[in-house]
Amino acid sequence: MKFIEKLLRIVHYSQISTKITIIYTLCFLALLTLTNALAWYGVYYALYQQAERTLVYSMENTKKLLEKLEQNANIDVNSIRDPLVAGVVLRVVDDKGRVFIDTDSHYPTVEQFDENIIKDPPFWTNDDMEVAQFTRAIVYRAKMNFTHDNETVTLQFFRTITAQMDFFDKLKNILLTVDVIGLLFAMGTGYIISRKILRPISTMTKTAQDIAIENMNTRIPVNPVNDELADLANTFNNMLNRLQVGITQQQQFVSNASHELRTPVTVIRGYSDVLARWGSTDPEIFKESVEAIQSETENMQQLIEQLLFLARSDQNRQPLNMQPLELSELVEDVFHKMRKTTHTHEIKMIRNEVATVFADKVTMRQMLRIFLENAVKYTPEGGTVTVDSARDGDYIKLSVSDTGIGIAKEHQSRIFERFFRVNASGSEHKVSGTGLGLSIAKWVADQHNSKIELSSELGKGTTISVIIPIYH
Ligand code: ADP
């Protein structure tokens, strides 16, 4: 029992290929045992059947002969041998147990047979017959009574299957040899096939070990088949692709952020140097430097806040307090504040329809401010910024339009990318910005199951709308 437990534990912790080989071999062994047993019993059964049939046939023939004998007393008693099938021995025994006809005197005697009778013969043995087991032979016996002139004799028919026993020995050897060869073959093929099938897994393990952040280009070779291992390899490769894209974006983000931070820091340093040298003596330089430093610090602060926002949103850590919100109140509030602080542009409202949305107030406000600030930033002084919020079926469409510089067709799909800014250096309209505002607005819209639409024409103006589902 202990040994089996130990063996099972070894198998449990062994490699899959070893397990497959063992299972394969065991199945093969079970199949071999079954076929052997069937062959064995089949042959045995056939031999018993054959012996039984010869005995029955001999008995029937003898019976007919005896009937004739009764009618015609002239028939020779010795002719009793004639109806016997080859191999069948007949003994006629009287009621005192004396044998007075014996067709083969070398055969085991009736007493010897009686001593060696098997108590539990195989189940296929005829119930009317008896079986005796000798060292090298099995003997079958059938009995028949015959009464003549008030005298009863017993006819005992014997049939041996000695010759067939040799055949059994041969059969045993053949089966054993075939079994051993079969088992070795099963073990060999089981091992080779399982190794071959599982080879891609070893390759995968090796590839996974080789992959590092600096070396993300390695991929698992995928066999052109449609099996589970190819699926696994494809899934693994796809995962690597996604990771690689993510890591590249991350690296790009870090490098862009550092780049963006460098400009204000350089400006601040420049002005602080100027301040240190001439600030105390020249009030004009003092004023200009301090203003520049203040403005750059503000820019930097905004940039850092936006960066932090995106970092939090990437990690799903940006808190969102979603609740039913009256959008018109929020629009009204942001609109008024904007109008109060902006004196360079005309800010108008067309409609502000009542609608409840399920939203986070803070980020919703942030999105609306981004649209309004952009509209003002990218519209020359004296231009108009228009807010329009109108219901459309189950949605509310909140639009901010301007009469500004517009966005060229080729840039329209890119303005939602992080750090993307239309290069304004060529134009006379230079404004400060980070290129992060619209990517934040896009994230907020996504979180509210809302869609952003953009329509813009260069030199004419831009309309940016967000379509928010109404909360019922
Ligand atoms: P920022 O405004 O800080 O540069 P945004 O992500 O808000 O960054 O905008 C990305 C770019 O899209 C801007 O740099 C600008 O070129 C363009 N853009 C955004 N809004 C407008 C607008 N209303 N009119 C024209 N261009 C705009």
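Just so you know, these numbers come straight off a predicted model, no measurement behind them. Because only heavy atoms are used, hydrogens play no part in the values below, and waters and symmetry mates are left out as well, while side chains stay in.
- Using modelled atom types, one side-chain atom of D360 and one backbone atom of N321 make a donor-acceptor pair closer than 3.5 Å.
- Looking only at distances, no side-chain donor or acceptor of T379 sits under 3.5 Å from a matching main-chain atom of V376.
- Judged by distance alone, with hydrogens and angles left aside, the side-chain atoms of N352 form a donor-acceptor pair with the main-chain N or O of S328 at under 3.5 Å.
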Can you list the steps and then say if V387 with I350 is a side chain to side chain contact (heavy atoms under 4.5 Å, CB included)?
CA-CA 6 Å; V387 178; I350 299 179; over 6 Å; no
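- A donor atom on one side chain and an acceptor atom on the other are found under 3.5 Å apart for S456 and T462.
- Judged by distance alone, the side chain of S313 and the main-chain N or O of Q318 form no donor-acceptor pair under 3.5 Å.
- Smallest separation of non-hydrogen atoms from S289 and L275: CB-CG, 3.5 Å.
- Taking both residues in full, the closest heavy atoms of V222 and A233 are given as CG2-CB, 3.9 Å, listed atom of the first, atom of the second, then distance.
- Put simply, the side chain of T266 gets close to the backbone of R262: a donor and an acceptor are under 3.5 Å apart.
- The minimum heavy-atom distance linking I197 with L229 is given by the pair O-CD1, 3.0 Å.
- In terms of heavy atoms, P324 sits closest to Y471 at CG-CE2, 3.4 Å.
- The neighbour count for Q301 CD, taken as heavy atoms of other residues, nucleotides or ligands under 6.0 Å away, does not exceed 12.
- Residue-environment remark: NE2 (H472) exceeds the threshold of 12 foreign heavy atoms within 6.0 Å.
- Salt-bridge formation is not detected for the pair E353/R391: no Lys NZ or Arg NE/NH1/NH2 atom is positioned less than 4.0 Å from an Asp or Glu carboxylate oxygen.
- Dense packing is recorded around CG of N173, with more than 12 heavy atoms of other residues, nucleotides or ligands lying under 6.0 Å away.
- Judged purely by atom type and a 3.5 angstrom limit, Q412 uses its side chain to pair as donor or acceptor with the backbone of I407.
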Does the pair W443 and F309 meet the rule for a ring pair (Phe, Tyr, Trp, His ring centres under 6.0 Å), with working shown?
CA-CA 10 Å; W443 183 84; F309 184 100; 5.5 Å; yes
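- Side-chain contact of R219 with Q244: a donor-acceptor pair under 3.5 Å is present, judged by distance alone.
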Take L29 and T25, measure what side chain to side chain contact (heavy atoms under 4.5 Å, CB included) needs, and give me the verdict at the end.
CA-CA 6 Å; L29 188 69; T25 312; 5.5 Å; no
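- In this structure, M216 and I247 have side chains that are in contact, with non-hydrogen atoms separated by less than 4.5 Å.
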Yes or no on side chain to side chain contact (heavy atoms under 4.5 Å, CB included) for I396 and S389, after CA distance, side-chain angles and deciding distance?
CA-CA 7 Å; I396 178 132; S389 177; 3.6 Å; yes
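- Between M364 and A359 the shortest heavy-atom distance is CE-CB, 4.0 Å.
- Using a 4.5 Å cut-off on side-chain heavy atoms (C-beta onward), W40 and L175 make contact.
- Without hydrogens or angle criteria, H448 side chain to I467 main chain gives no donor-acceptor distance under 3.5 Å.
- Within a 6.0 Å radius of CZ in F253, more than 12 heavy atoms belonging to other residues, nucleotides or ligands are found.
- The main-chain N or O of A276 is never found under 3.5 Å from a side-chain atom of S280 such that the two would form a donor-acceptor pair.
- Within a 6.0 Å radius of CZ in R269, no more than 12 heavy atoms belonging to other residues, nucleotides or ligands are found.
- Residue-environment remark: NZ (K19) exceeds the threshold of 12 foreign heavy atoms within 6.0 Å.
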Test side chain to side chain contact (heavy atoms under 4.5 Å, CB included) on Q15 and R195; report intermediate values, then the result.
CA-CA 10 Å; Q15 287 197 322; R195 289 293 290 231; 4.1 Å; yes
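- Side-chain contact, R418 with S439: no donor N or O sits under 3.5 Å from an acceptor N or O.
- Heavy-atom neighbours of F185 CZ from other residues, nucleotides or ligands within 6.0 Å: at or below the threshold of 12.
- Side-chain atoms of V422 and I415, non-hydrogen and from C-beta on, do get closer than 4.5 Å to each other.
- Scanning both residues, M338 and I347, for their nearest heavy atoms gives CG-CD1, 3.8 Å.
- Inter-residue side-chain proximity for V334 and R369 is flagged as met; some heavy-atom pair is nearer than 4.5 Å.
- Within 6.0 Å of CD on E326 lie more than 12 heavy atoms contributed by other residues, nucleotides or ligands.
- Side-chain polar atoms of Q133 and N116 form no donor-acceptor pair below 3.5 angstrom.
- Ring orientation note: the planes of H411 and F420 are tilted relative to one another, at an angle of 30° to 60°.
- Under the 3.5 Å distance criterion, the side-chain polar atoms of T341 are matched with a main-chain donor or acceptor of K337.
- Using a 4.5 Å heavy-atom threshold, the side chains of V357 and Q323 count as separate.
- Although no hydrogens or angles enter the test, the distance criterion places no donor-acceptor pair under 3.5 Å between the side chain of T342 and the main chain of T344.
- In the model, S465 has no side-chain atom that pairs as donor or acceptor with a side-chain atom of E453 under 3.5 Å.
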